Amino acid sequence: MNKVYDAVGIGIGPFNLSLAALTNDLQEIDILFLEQEASFDWHPGMLIEGMDLQTPFIADLVTLADPTNRFSYLNYLHEHNRMYQFFFFNRFTIPREEYNTYCKWVSSRLDNCQFGQCVTDVEMVPGKSYYAVTAQSTNGNSEEIFYAKHIILGTGSIPNIPEALQGFPEEDITHTSRYTYLADTLKQGNSITVVGSGQSASEVFYDLLKDQKHNGYDLTWFTRSSGIFQKEDTGLGKEVFSPEYVDYFHKLALEDRMESLENLSTIRNGVDPNLLEKIYELLYNRSIESPLQQITIQTNTAVNAIKPNANPKKSAYTLDCEQWQKGENFTYPADKVILATGYKPHLPDWLDKFYKEIEWEDEKKFRVTSDYRLVFKDDRENQLYTLTNIEHSHGSSATNLGLSVLRNQKIINSIAGKEIYSTPKQAVFQQFEMKKS
């Protein structure tokens, strides 16, 4: 008799790792998690020293659902004899590198996670009320099939690189996701251009700015956005990252949801104000003795194409750029380019077979329930839950680490058919619509 899990989670990033930590010690449900990588590693190419996580430490993998859970960040500090150091550190945010180390610590203590397992197929077992999940071992040729009543899709995202900017040597043109692996090589260029806006672009620019004095390269930052804006850092402003707002957003029509995402773009994608202050302070101090002749920062500018330079003595590449607000095109030299062009959802190939069975809001956005189930055209008991490609349905909740625990609370309760973890009833001071009397 094959064992049938309550669910199989596919992919182990922070979202599914949180779900694994919250269910590891539960007796009510049995979930197995599979990940193709050999071990947990969260955006290792962007673990720049001194850069902080953008959510407070209390938004770890478990605390917002269960403050007594043994997989909390505070327990990690306690077991690593770092509690007093963190106390004297006196910060609500934590280094991104330590968040990754904390997640590695959690993953190494979970018995419901299997790494080195690449899921190649998922299908309903004919005549049965469960799925068959086929996984290929990444360190050999072995194949194994796991069975589960439900599937939890947590395959995350992959770098979003425009087609016109693809196809170049990685050591010359690379995405921010690979930055720390290639930083030493990139800094050997005579001219470096950062393309994009947001937190990742700012972190890379700051790291390059710090080392510019020692390496002597020209440094440029182009962004399409109309400005370099800080993220919302006030209590009321951040309440759009709350359970109430997620519920409000989910009930809106698709057109209104997409408009809301656009209106909240600076709140969602802004830069940590402390980092912007550090950048400005460094620029100011560099300008004391002479004008900043080797630094260019320009907004309203799109990089539409990259071409090898016919005269490599000047620069290795030529960038085709557009100052879109004025409608002016120009070319720009660069030896190295770092693309901060964001990420897109990573949807596995096996999901294609379900496309005709599920409901769609438009040709690219599947319909998702408030508790993160894909909506099937027919009523069925075996669900496909998703933590991937849900920005259109759940807004800021889609990629926000601070809301990952809430998502998982809802999924756990849905799978169990009862309330295992109670969800907040009133988490904010404001309301997002007039309540009916």
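Note that the structure is a prediction, hence the values are computed from the model and not measured.
One side chain, Asp41 or Asn100, offers a donor N or O that lies under 3.5 Å from an acceptor on the other. Looking at Thr63 and Asp60, their side chains do bring a donor and an acceptor atom within 3.5 Å of each other. Side-chain contact check for Asn300 and Ser226: no donor-acceptor pair (N or O, by modelled atom type) lies under 3.5 Å. Ser315 and Asp335 form no side-chain donor-acceptor contact under 3.5 Å, judged by distance and modelled atom types alone. The closest side-chain donor-acceptor pair between Ser142 and Glu144, if any, does not fall under 3.5 angstrom.
Checking side-chain atoms of Thr101 against main-chain N and O of Glu97 turns up a donor-acceptor pair under 3.5 Å. A distance-only check finds no donor-acceptor pair linking the side chain of Asn16 to the backbone of Leu19 [under 3.5 Å]. Of the possible polar contacts, none joining the Lys344 side chain to the Ile161 backbone as a donor-acceptor pair under 3.5 Å is found. Judged purely by atom type and a 3.5 angstrom limit, Glu359 has no side-chain atom pairing as donor or acceptor with the backbone of Phe366. Judged by distance alone, with hydrogens and angles left aside, the side-chain atoms of Tyr217 form a donor-acceptor pair with the main-chain N or O of Leu208 at under 3.5 Å.
Nearest approach of Tyr99 to Ile94, heavy atoms of both residues: CB-CD1, 4.0 Å. Glu322 approaches Gly327 most closely through the heavy-atom pair OE2-CA, 4.5 Å.
If you look at His80 and Tyr102, their ring centroids are not closer than 6.0 Å. Aromatic rings of Phe57 and Phe92 (six-membered ring for Trp) have centroids within the 6.0 Å cut-off, being under it. For Tyr372 and His394, the distance between ring centers is under 6.0 angstrom. Ring-centre distance between Tyr131 and Phe146: not below the 6.0 Å cut-off.
Other residues, nucleotides and ligands contribute over 12 non-hydrogen atoms within 6.0 Å of the CZ atom of Arg286. No more than 12 heavy-atom neighbours from other residues, nucleotides or ligands sit within 6.0 angstrom of OH on Tyr284. Within 6.0 Å of atom CG in Asn285, more than 12 heavy atoms from other residues, nucleotides or ligands are found, so the atom counts as buried in its surroundings. Other residues, nucleotides and ligands place no more than 12 heavy atoms under 6.0 Å from the NZ atom of Lys307. Heavy atoms from other residues, nucleotides or ligands lying under 6.0 Å from CD of Gln136 number more than 12. Taking a 6.0 Å sphere around NZ of Lys251, one finds it holds 12 or fewer heavy atoms contributed by other residues, nucleotides or ligands. Few gaps surround NZ on Lys210; more than 12 heavy atoms of other groups in view lie less than 6.0 Å from it. Annotation: Tyr355, atom OH; neighbour count of heavy atoms from other residues, nucleotides and ligands within 6.0 Å is above 12.
A salt bridge is absent between Lys238 and Glu232: the closest approach of a Lys/Arg side-chain nitrogen to an acidic carboxylate oxygen does not fall below 4.0 angstrom. Of the charged side-chain nitrogens involved, at least one lies within less than 4.0 Å of a carboxylate oxygen, so that Asp371 and Arg373 count as a salt-bridged pair. Taking 4.0 Å as the cut-off between side-chain N and carboxylate O, Arg82 and Glu98 count as a salt-bridged pair. Ion pairing of Asp247 with Lys410 is present here, as a side-chain N (NZ or NE/NH1/NH2) and a carboxylate O approach within less than 4.0 Å.
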Run the ring pair (Phe, Tyr, Trp, His ring centres under 6.0 Å) check on Tyr73 and Phe86 step by step: do they pass?
CA-CA 11 Å; Tyr73 178 73; Phe86 184 66; 5.6 Å; yes

May I have the step-by-step check of side-chain contact (heavy atoms from CB on, under 4.5 Å) for Thr23 and Phe33, ending in yes or no?
CA-CA 11 Å; Thr23 57; Phe33 297 85; 4.0 Å; yes

Under the ring pair (Phe, Tyr, Trp, His ring centres under 6.0 Å) rule, what do Tyr343 and His43 come out as? Steps first, then yes or no, please.
CA-CA 12 Å; Tyr343 296 82; His43 293 304; 5.4 Å; yes

I'd like to know whether Phe222 forms a ring pair (Phe, Tyr, Trp, His ring centres under 6.0 Å) with Tyr332, so could you lay out the CA-CA distance, the side-chain angles of the two residues, the decisive distance to 0.1 Å, and finally the verdict.
CA-CA 11 Å; Phe222 287 146; Tyr332 198 80; 4.9 Å; yes

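Considering Ile12, Ile10, Leu17 as possible partners of Glu35, the one that fulfils the side chain to side chain contact (heavy atoms under 4.5 Å, CB included) test is Ile12.
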